[in-house]
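Within every chain, numbering begins at 1; the chains are lettered A, B, ... in the order of the sequence lines, protein sequences first and strands thereafter.
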Number of protein chains: 2
Amino acid sequence: MATIKDVATLSGVAPSTVSYVLNGSRKISEDTRTRVLDAVRELGYHPRASARTLRSARSDVLVLAVPREAGKYRAMDGRFAVEISDAARGHGFDVLMMTDPDGVRGLRRIAAGGQADAAILMAVQEEDARLAAMRELGFPVALLGHGNERDEWGVPWVDLDWEAAVSLAVRQAVAAGHRRVAFLASAEHEIAARRGYALHGLDGARAAARETGAEVVIRPSAGDPERAAARVRELLAGSEPPTALVIQHLIPLTRVLAEIAALGIRLPADLAVILVGTLPDESGTPDLPRIDLPVGRMSAAVTELAVRAIGADGRGAGPAETKATATLSATTKSAATAGTTAADSAARTDGDGPGPAPRRELITPRMTPGPALSPPRADRPAT
Amino acid sequence: MATIKDVATLSGVAPSTVSYVLNGSRKISEDTRTRVLDAVRELGYHPRASARTLRSARSDVLVLAVPREAGKYRAMDGRFAVEISDAARGHGFDVLMMTDPDGVRGLRRIAAGGQADAAILMAVQEEDARLAAMRELGFPVALLGHGNERDEWGVPWVDLDWEAAVSLAVRQAVAAGHRRVAFLASAEHEIAARRGYALHGLDGARAAARETGAEVVIRPSAGDPERAAARVRELLAGSEPPTALVIQHLIPLTRVLAEIAALGIRLPADLAVILVGTLPDESGTPDLPRIDLPVGRMSAAVTELAVRAIGADGRGAGPAETKATATLSATTKSAATAGTTAADSAARTDGDGPGPAPRRELITPRMTPGPALSPPRADRPAT
DNA sequence: TCGATTCGTCGAATCGATTCGATGAGATGG
DNA sequence: CCATCTCATCGAATCGATTCGACGAATCGA
């Protein structure tokens, strides 16, 4: 209820002086500074966000567009939302959720109404109406995940390097002594839809096969758990079955593991299983060697890109250091900066203008700390 | 970029008239109304949220406090967040996420800064600092989940009736012909912490045993999946093992089902398994008879309580019909109203003032549509 | 035909911060 | 000792909507 005027009165200065003290935008004597701060504390003063925003045209809010197909909910989305909110706080931003099934209308309302300074778009489609709308408004954007090869108009994005992830999994298996490796890829419908992670996963498996010379059997998974289980049965059949199995399609994992057990195959003695990717919930999943989706690192990275995309004027790009340093926790910062690698800037510069090139970050996958990959059984040697 | 002034100029009226047209707060002739709306469309005008909020002291934003224990993430939290955001849109509100590990500081900042009109607090603890802070500021609040028996100062809350849920599961088993039922309750540490759902679940099992006369063996689960599996082994051991198993502690479900399979028990022929409660992700979980946590209904209910808690002056309670009717989708409304039952108003009215009593909603559990509960094997008759 | 309503619209004050140019007191220098 | 410069602070304009009292014109009843 207290306003800046009250603080000014109580500390015997002008309102503008209070503002300068609170924002550090002008030099203020140590004496008045303490007087003002005391008054602030005494009155329990909090600046009214709307007034600040109205005048300064900065809301210190990011809007997060959560994908929302009619009634469906993907557990990873919630995880990312929370993690991005955390990261945003590290930069002094709050996060507003946008879950309209449509997305475009709501996003446009928030953006045009100045309720946020930038948008983070999750799960961008190839022709994304949300992205188009934001560009039309000249609204700063960063994407989590990227469309196919397309460069999305030079918009900054972050994604896991799925090709490297699957390739790493296969190479690890080979390094552990396995010579016949099976790969349960993404589901057919995902591949048909040309989802980036699905295609890149396949590429990774092929590349690893080429590099290592190992025998890699690739098979797409299926949306239906039963059919996914059937695929695994096929993969593991034959006179010389593979001794390692890399799984990218984790949704029906429970069913798949049950199928493996039903086949009389025991883990890890008979078969080394390696998981690649999204495990929405940490609990309840079996403890297998795996390459997790680095949710924290990706969230930190995309948040930083979004913040950076907010120019001084709310458009172009520029370092957001001034405000970041004030509130940035060392943890977040180092995670965001050190954790992301291979920031290839400008593969194709369709960019408009000479400003700093938009960034794209392909995050390098790593083995998640956990059980080691077991070698193939001695009595059934490789080759 | 266009302001209300631009719209006024273009349509040849005063800015106030434009405001009246847009808000419907005064009668306006059909003629000017159309002229104004045309101008709005032509200019692509969107009111600036900060200006509106500054003047009207309403932000049309709810802040959602997501519980955030150091580094942990519970999948259900994200689900609720998304679902609450959906429900809020139905009332014309956006949702701001608050994920600070502390929570209190951030919540206080948002509330005092007028960045939101009400708060929804998830997973409230017995002595919740966040709740205390909000009350101190006189900030409207609604809770998702409630503390133990305490009435939380008459603050409105929503929760599933866990006692009824477990009781229903047991009674369903008995109705299907089972005479010996096992109940794998919440984990020991949850019971020790006196979590509401844990205690109420136990009560439900006991009550059902009393009412039906069936033999119900109750055992707490354990945090560690291995130890949880051991509990199940104990539960199903003995010369006359139970023929039905009700599980409330779902986190280690995968492990538990594997244990059952390892015991040579087959579902559902040898054992009827019924799940009670939280299944964060719809995919990948086995298709068993169950009573789901009604996330959608709970989210709708708590959102409505929060909205209702926003008085005309931002304090007391009062119907939010005026604005709700404008944007409310029929679906949401009916779900929120019809879906919630047993709104017992005022068990203990510690309330300050004579206004409408705060609401508490205990949601009645229902069997989730799915596979039917199978009867016990004929060759091993009950009793 | 005149006073009282009703109706539609206008003008101006207001919400609470930010920000820029101005100003007065001290310090500096010749 | 006066002109100049720096430093800390002040005053006022400003951001863009909402909202209330006022006011002219049309409508009504007698």
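Listed by residue number, the members of residues 105-116 of chain A with any heavy atom below 4.0 angstrom from DNA chain C form an empty set. Contacts with DNA chain D (heavy atom under 4.0 Å) in residues 1-17 of chain B: B:Thr3, B:Ile4, B:Ser16, listed by number. Listed by residue number, there are no residues of residues 33-42 of chain B with a heavy-atom contact under 4.0 Å to DNA chain C.
Distance from the side chain of A:Ala51 is smallest for C:dG16 among the nucleotides C:dT18, C:dG16, D:dA17. Residue A:Arg55 has its side chain nearest to D:dA13 when only D:dA13, C:dT9, C:dC15 are considered.
Here the side chain of B:Asp117 pairs a donor or acceptor atom with the backbone of B:Asp60 at under 3.5 angstrom.
If A:Arg48 and B:Arg26 are placed on DNA chain C by their nearest nucleotide, the residue sitting closer to the 5' end is B:Arg26.
For B:Thr34, the side-chain contact (heavy atoms from CB on, under 4.5 Å) partners two or more places apart in sequence, or in a different chain, are B:Glu30.
Within the 4.5 Å cutoff, the side chain of B:Met298 has no heavy atoms near those of the B:Glu83 side chain.
The side chain of B:Ser50 contributes no N or O atom lying less than 4.0 Å from OP1 or OP2 of D:dG16. Dashed line: the shortest gap from a side-chain N or O of A:Tyr45 to OP1 or OP2 of C:dG16 is not under 4.0 Å. OP1 and OP2 of C:dA17 both lie 4.0 Å or more from every side-chain N or O belonging to A:Ser56.
Defined by atom type and a distance below 3.5 Å, a donor-acceptor pair is present between the side-chain atoms of A:Thr99 and B:Ser85.
Note: CG (A:Leu54) to P (C:dT14) measures 17 Å, nearest angstrom. Going from atom CG of B:Asp31 over to atom P of C:dC7 covers 18 Å, rounded to whole Å. Rounded to whole Å, atom P of C:dT18 lies 13 Å from atom CZ of A:Arg58. Separating the CG atom of B:Asn23 from the C1' atom of D:dA17 is a distance of 9 Å, rounded to the nearest angstrom. For A:Glu30 and D:dT9, the CD to C1' distance is 16 Å, given to the nearest whole Å.
Annotation: salt bridge (charged side-chain N to carboxylate O under 4.0 Å, His left out) contacts involving residues 40-49 of chain B, sequence neighbours excluded, comprise B:Asp38-B:Arg41.
Across all strands, A:Ile28 comes closer than 4.0 Å only to sugar-phosphate atoms, never to a base (heavy-atom distances). Across all strands shown, A:Thr32 has heavy atoms under 4.0 Å from sugar-phosphate atoms exclusively, and none from any base. A:Ser19 comes within 4.0 angstrom of a base, heavy atoms only.
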Which dot-bracket notation, 5' to 3', represents the base pairing of DNA chain D when pairs are defined as Watson-Crick or G-U with both distances under 3.5 Å, crossing pairs as [ ], and inter-strand pairs as |? ||||||||||||||||||||||||||||||
